[in-house]
Amino acid sequence: QALLAERFPRVSAALEKTGTPLGAVATPWFLCIYVNQLPWECALRVWDVLLFERTRAVLFQTALALVDLNLQRILASAVEDRLMETMVTLAPGAFDGSGLLAVATSGFADITWERLLHDYPVPD
């Protein structure tokens, strides 16, 4: 939630305002490492980067890229009280695996695993 608020404060505020829990949307993405969430080609691209670079940061970069690529749609749906529906369909609606990973790895290159562990420590 804090990472989303840092990068996309308007989306974070819309989630809070509408009572849409980010965990309900993003947990399935992370639990199955995007398999059964993204179209197969996109999921394989995420896995390629995950295995090649040997860092879990790409999972967070991909989540941020999904929000980034659908930012206007997300904000518009918040006004129409359809935010949960829109957020749940972000991953299945991603059909350009190359574009998604280009935004994820280039647009959010500063999101490293080390930074995530430092800035967002896991509570004991």
Side-chain angles (χ1 to χ4, degrees):
Q1 183 75 31
L3 183 59
L4 184 71
E6 174 189 321
R7 293 301 177 115
F8 300 101
R10 291 176 26 197
V11 172
S12 182
L15 287 169
E16 191 172 316
K17 180 181 177 189
T18 60
T20 304
L22 181 60
V25 175
T27 298
W29 299 350
F30 290 96
L31 282 179
C32 65
I33 315 175
Y34 292 100
V35 171
N36 298 328
Q37 297 297 313
L38 287 173
W40 190 236
E41 176 198 343
C42 295
L44 289 178
R45 299 264 178 153
V46 172
W47 277 54
D48 282 345
V49 175
L50 176 71
L51 296 172
F52 181 75
E53 294 189 5
R54 296 180 183 204
T55 176
R56 292 173 275 185
V58 70
L59 303 175
F60 292 87
Q61 292 169 336
T62 301
L64 292 171
L66 284 168
V67 172
D68 191 28
L69 291 170
N70 294 283
L71 185 59
Q72 296 308 316
R73 190 172 138 218
I74 292 168
L75 295 175
S77 69
V79 173
E80 301 167 6
D81 288 332
R82 299 183 65 124
L83 187 57
M84 182 66 162
E85 177 185 340
T86 299
M87 294 296 289
V88 169
T89 61
L90 290 184
F95 290 107
D96 180 9
S98 296
L100 177 63
L101 267 293
V103 171
T105 57
S106 297
F108 299 102
D110 63 315
I111 303 296
T112 63
W113 188 244
E114 293 75 22
R115 178 176 175 224
L116 289 167
L117 290 175
H118 179 267
D119 292 353
Y120 310 101
V122 178
D124 291 332

Enquirer: Heavy-atom distance under 4.5 Å between the side chains of Leu15 and Leu4, does that happen here?
Expert: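 Leu15 vs Leu4: side chains touch.
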
Enquirer: Partners of Phe30 by ring-ring contact (aromatic ring centres under 6.0 Å, His included), sequence neighbours excluded?
Expert: Phe60

Enquirer: Under 4.5 Å between side-chain heavy atoms, counting indirect links through other Ile/Leu/Val/Met/Phe/Trp/Tyr residues: same cluster for Val88 and Val35 or not?
Expert: yes

Enquirer: At what distance, to the nearest 0.5 angstrom, does OG of Ser77 lie from CE of Met87?
Expert: 8.0 Å

Enquirer: What pairs meet the salt bridge (Lys or Arg N to Asp or Glu O under 4.0 Å) rule with one or both residues in residues 55-74, with sequence neighbours excluded?
Expert: none

Enquirer: Kindly give the heavy-atom pair with the smallest separation between Leu59 and Tyr34, and that separation in Å.
Expert: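 For Leu59 and Tyr34, the tightest heavy-atom pair comes out as O-OH, 2.7 Å.
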
Enquirer: Pairs of donor and acceptor atoms involving the side chains of residues 103-117, under 3.5 Å and at least two apart or interchain, shall be tabulated with distances.
Expert:
| unit_1 | atom_1 | unit_2 | atom_2 | d |
| --- | --- | --- | --- | --- |
| Thr105 | OG1 | Leu101 | O | 2.7 |
| Ser106 | OG | Ala102 | O | 3.3 |
| Asp110 | OD1 | Arg7 | NH2 | 3.0 |
| Asp110 | OD2 | Arg7 | NH2 | 2.2 |
| Asp110 | OD2 | Arg115 | NH1 | 3.4 |
| Thr112 | OG1 | Arg115 | N | 3.1 |
| Arg115 | NE | Asp119 | OD2 | 2.8 |
| Arg115 | NH2 | Glu6 | OE1 | 3.3 |
| Arg115 | NH2 | Glu6 | OE2 | 2.6 |

Enquirer: Which heavy-atom pair separates Pro39 from Pro92 by the least distance, and what is that distance?
Expert: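 Between these two residues, the closest heavy atoms are CG-O, 3.6 Å.
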
Enquirer: Enumerate the residue pairs fulfilling salt bridge (Lys or Arg N to Asp or Glu O under 4.0 Å) with a member in residues 81-95, sequence neighbours excluded, ordered by first and then second residue.
Expert: Arg82-Glu85

Enquirer: Any non-hydrogen side-chain atom of Leu3 less than 4.5 Å from a side-chain atom of Leu64?
Expert: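 SC-SC contact between Leu3 and Leu64 confirmed.
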
Enquirer: Side-chain heavy atoms nearer than 4.5 Å, only ILVMFWY residues, links allowed to pass through others: does that put Leu90 and Trp40 together?
Expert: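 Yes, Leu90 connects to Trp40 through the hydrophobic network.
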
Enquirer: For the OG1 atom of Thr89 and the CD atom of Gln37, what is their distance to the nearest 0.5 Å?
Expert: 11.5 Å

Enquirer: Keeping Trp29 on the side-chain end and Leu38 on the backbone end, is there a donor-acceptor pair under 3.5 Å?
Expert: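 Answer holds: no.
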
Enquirer: For the CD1 atom of Ile33 and the CG atom of Leu51, what is their distance to the nearest 0.5 Å?
Expert: 8.5 Å

Enquirer: Determine which pairs satisfy salt bridge (Lys or Arg N to Asp or Glu O under 4.0 Å) with at least one residue from residues 28-53, sequence neighbours left out, and list them in order.
Expert: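 As it turns out, the salt bridge (Lys or Arg N to Asp or Glu O under 4.0 Å) pairs with a partner in residues 28-53, which skip direct neighbours, are Glu41-Arg45.
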
Enquirer: Could you list the donor-acceptor pairs under 3.5 angstrom formed between side-chain atoms of residues 20-28 and any protein atom two or more places apart in sequence or on another chain?
Expert:
| unit_1 | atom_1 | unit_2 | atom_2 | d |
| --- | --- | --- | --- | --- |
| Thr20 | OG1 | Thr18 | OG1 | 2.9 |
| Thr27 | OG1 | Gly23 | O | 2.5 |

